[in-house]
Student: 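To start, I am sharing the structure in question, which I have written as structure tokens.
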Amino acid sequence: MTASKTYPVPEAIKSSTHLNAATYAEMYTRSIEEPEAFWAQSATMLEWYKQPTKIKNTHFGKNEVSIKWFEDGQLNASYNCIDRHLANNAKKVAFHWEGDSPEDSLDVTYQEVHYEVCKLANALKEMGVAKGDRVAIYMPMVPEAAYAMLACARIGAVHSVIFGGFSPNAIADRINDSKAKVVITADEGRRAGRSIPLKANVDKALANDACPSITHVVVHKLTGGDVDWNEKHDVWWHDAVEDCSGQCEPEVMNAEDPLFILYTSGSTGTPKGVVHTTGGYLLYSAMTFKYAFDYQEDDIYWCTADVGWITGHSYMVYGPMVNAATQVFFEGVPTYPDVKRIAQVVEKYKVNSLYTAPTAIRALMAHGDKPAEGCDLSSLRILGTVGEPINPEAWDWYHRVIGESRCPIIDTWWQTETGGHMILPLPGATSLKPGSATRPFFGIQPALFDADGNELEGEAEGNLVIKDSWPAQARTVYGDHERFINTYFSAYEGVYFTGDGARRDEDDYFWITGRVDDVLNVSGHRLGTAEIESALVAHAKVAEAAVVGFPHDIKGQGIYVYVTPNEGVVADEALTKELKAWVRQELSPIATPDMIQWSDGLPKTRSGKIMRRILRKIAANEHDQLGDTSTLADPSVVDTLIAERLNK
Ligand code: WTA
């Protein structure tokens with residue numbers, strides 16, 4: 001393999017940074033050799049009611065996994081994100097909210113966040129929400145989404161944010177799995193000029209008493225659009241908080257008390273409720289934020305994610321707010337009203353660090369240099385990416401057109417389960433190679449294993465595992481610790497298995513090659529093939545369905561579906577449309593199949609297992625590389641699938 005181009009740390013960053021190559025190396029070594037001392041010292045970044053004295057108590061095993069950090073410490077996440085800043089930073093802007101329409105914007109200070117969060121926290125208490133209770137949040141990208149999360153954290157309730165793009169069934173499943181008492185939503189959301197019927201989706205999820213645990217639906221009036229009203233449990237946010245005090249004493253939480261649940265897709269079955277706890281998660285998200293973006297006190301930081309995903313939790317709420325950062329909080333999409341929106345918002349707020357997804361970069365890149373034309377991007381110092389591998393073309397475009405060949409690109413590899421960044425370059429310390437997430441963060445020990453469980457040394461490619469625990473690691477799957485162990489700790493003894501493949505090069509840089517399981521990454525959104533398949537087979541005309549990913553220029557991966565219709569069903573264009581609409585409605589618009597191929601049969605082994613490897617090759621138009629098909633029950637099925645393939 002030829003050596004790729006390397007970009008050294010820019011001079012401008014060197015002079016402002018927290019770290020350089022030598023201090024990174026020194027701190028990394030200490031974090032591995034003396035984890036207790038390293039993390040005890042790091043923990044002083046937070047304000048504790050009771051400083052932890054027990055730092056790390058973790059065990060990874062095939063039969064038993066137990067993860068505790070700072071277990072005798074006491075703190076409150078909302079206090080750390082808000083109250084502790086009031087002495088010096090009360091008037092500092094927490095959110096420059098920028099609406100879907102460029103005409104809408106609003107600045108909110110830390111003082112105002114405190115007031116809004118306290119009022120809602122008191123209102124939730126009045127509704128009977130107590131420490132440990134779950135609250136579902138199904139919100140558009142307005143500051144109220146962050147207030148809702150922080151209000152839960154303030155009273156010790158466990159929030160479960162449901163991405164605003166999910167459909168009623170997906171909402172109901174998530175509410176029922178966590179037995180949430182309250183759901184907080186808005187009348188409607190807005191996206192690229194269209195309205196999203198959030199309240200109506202919640203109504204459908206709750207219809208026919210489908211979610212019996214819910215006692216209240218709190219509705220933020222955003223657009224003023226028409227909504228149906230159910231006197232039994234609906235309450236307007238503004239009515240609920242009207243008589244509530246703007247002061248609410250934060251609940252004293254143990255470091256290991258759960259902070260939130262976030263559902264994410266896996267290889268099999270329904271989405272898993274990943275549980276994060278208070279102390280370790282908060283510290284790690286705050287610390288990675290500070291170092292990844294070389295955060296300086298007066299920086300303006302902008303992450304374009306949605307609070308419905310882990311990026312929105314760690315790098316729009318908890319991480320930046322512990323640091324008292326000023327953020328742009330964006331309701332819209334990068335291409336609305338046109339492809340200059342990102343650059344215009346950067347110019348408007350003089351953004352210093354911008355954190356976005358490769359899929360957004362590829363969508364803009366399709367328009368050449370136009371997305372930046374005539375815009376002043378000179379405030380930018382650091383660019384970040386997250387969610388999927390970034391291809392070198394997209395990296396170059398981002399670097400040249402948005403970063404004006406001046407800003408380092410911080411390619412952050414991590415997962416919902418890891419809580420925060422795991423492998424990433426640090427601005428002042430790491431030379432960059434386009435497409436590589438580079439080196440591990442403090443305390444992270446990545447390793448590569450082969451399929452037989454042998455650790456691979458030196459330059460190698462294999463399955464990516466992490467050898468020891470870190471503070472923000474997920475503690476369990478809500479209500480199913482065995483599933484947690486089976487999913488992440490049963491593949492290899494004594495290590496956390498990420499589900500990703502990776503390569504390590506001659507400089508010990510890591511290159512993430514993508515999922516090695518049946519998880520898809522569509523536009524940076526994580527989807528399980530099993531979820532899409534189960535939505536499809538729930539349709540009356542579908543006998544069997546198999547879902548695979550295929551390379552897609554903008555989305556990274558597209559969704560390719562093989563469907564066997566029921567006997568007597570006419571498989572035509574109309575049914576293709578119907579099935580696409582069905583998946584949108586059953587699961588989410590983000591799960592809409594790109595291609596649906598009809599097939600009378602699927603390639604199966606003699607024991608009846610679908611050979612997805614073959615389906616993936618056909619979907620990728622790489623049917624000349626099918627490999628061994630001799631174990632198939634009926635090899636002729638494959639010839640038909642190849643002849644009728646849709647991606648040519
Ligand atoms: C993928 C998102 C390559 C990876 C934070 C991982 C990446 C999954 C990167 C987690 C990256 C995330 N380079 N791949 N920089 N970041 N991924 O849980 O496959 O939504 O396992 O968390 O996204 O997706 P999740």
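Just so you know, these numbers come straight off a predicted model, no measurement behind them. Counting convention: from 1, in listed order, for ligands and their atoms alike.
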Student: I'd like to know if the side chain of His313 reaches the main chain of Val307, judged simply by a donor and an acceptor atom lying under 3.5 Å from each other, with no hydrogens or angles considered.
Tutor: yes
Student: Have a look at ligand 1 and work out which part of Ile310, if any, has a heavy atom under 4.0 Å from it: side chain, backbone, both or neither.
Tutor: side chain
Student: Has the side chain of Arg584 got a donor or acceptor atom that lies under 3.5 Å from a matching backbone atom of Thr592?
Tutor: no
Student: Among all protein heavy atoms, pick out the one at the shortest distance from atom 3 (C) of ligand 1; state its residue, atom name and that distance to 0.1 Å.
Tutor: Pro389 N, 3.1 Å
Student: Between the main-chain N or O of Ala451 and the side-chain N or O of Asn463, is there a donor-acceptor pair closer than 3.5 Å?
Tutor: no
Student: Is any N or O atom of Thr412, backbone or side chain, closer than 3.5 Å to an N or O atom of ligand 1?
Tutor: yes
Student: Is ligand 1 under 4.0 Å from a heavy atom in the side chain of Glu388, in the backbone, in both, or in neither?
Tutor: backbone
Student: Can an N or O of Thr385 be found at a distance shorter than 3.5 Å from an N or O of ligand 1?
Tutor: no
Student: Which atoms from ligand 1 have a heavy atom of Val386 less than 4.0 Å away?
Tutor: 5 (C)
Student: Under 4.0 Å from a heavy atom of Thr416: give me the atoms of ligand 1 that qualify, with their elements.
Tutor: 18 (O), 20 (O), 22 (O), 25 (P)
Student: Should Val322 and Cys81 count as side-chain neighbours, where that means a heavy-atom distance under 4.5 Å?
Tutor: yes
Student: Go through the steps to decide whether Leu259 and Tyr318 satisfy the test side chain to side chain contact (heavy atoms under 4.5 Å, CB included), and finish with yes or no.
Tutor: CA-CA 11 Å; Leu259 179 61; Tyr318 294 109; 3.8 Å; yes
Student: Could you list which atoms of ligand 1 come closer than 4.0 Å to a heavy atom of Asn521?
Tutor: 1 (C), 23 (O)
Student: Just distances here: any N/O of Gly524 and N/O of ligand 1 closer than 3.5 Å?
Tutor: no
Student: Okay, side chain of Arg475, backbone of Pro258: is any donor-acceptor separation there less than 3.5 Å?
Tutor: no
Student: Would you name the heavy atoms of Val519 and Gln557 that are closest together and state the gap between them?
Tutor: O-OE1, 4.4 Å
Student: Which pair of heavy atoms, one from Met316 and one from Gln327, lies closest together, and at what distance?
Tutor: O-NE2, 2.6 Å
Student: Can you tell me which residue and heavy atom of the protein come closest to atom 1 (C) of ligand 1, and the distance to 0.1 Å?
Tutor: Gly387 O, 3.3 Å
Student: Determine whether the side chain, the backbone, both or neither of Ile390 has a heavy atom under 4.0 Å from any heavy atom of ligand 1.
Tutor: neither
Student: Is there a heavy atom in Ala437 that sits closer than 4.0 Å to ligand 1?
Tutor: no
Student: So which of Trp414, Phe510, Trp511 gets nearest to atom 5 (C) of ligand 1, if we judge by its closest heavy atom?
Tutor: Trp414
Student: Enumerate donor-acceptor pairs with a distance under 3.5 Å from any side-chain N or O in residues 437-445 to protein atoms, sequence neighbours excluded.
Tutor:
from: Thr438; atom 1: OG1; to: Leu424; atom 2: O; distance (Å): 3.4
from: Arg439; atom 1: NH1; to: Asp508; atom 2: O; distance (Å): 3.0

Student: Could you check whether Tyr7 and His399 have their ring centres less than 6.0 Å apart?
Tutor: yes
Student: Just distances here: any N/O of Arg515 and N/O of ligand 1 closer than 3.5 Å?
Tutor: yes
Student: With atoms numbered from 1 as shown, which atoms in ligand 1 lie under 4.0 angstrom from a non-hydrogen atom of Asp500?
Tutor: 4 (C), 6 (C), 19 (O), 21 (O)
Student: Do me a favour and list the nearest non-hydrogen protein atom to atom 24 (O) of ligand 1 with residue, atom name and distance?
Tutor: Arg526 CD, 3.6 Å
Student: Is it the side chain (CB and beyond), the backbone, both or neither of Ile512 that lies under 4.0 Å from ligand 1, heavy atoms counted?
Tutor: side chain
Student: Okay, side chain of Asp507, backbone of Tyr509: is any donor-acceptor separation there less than 3.5 Å?
Tutor: no
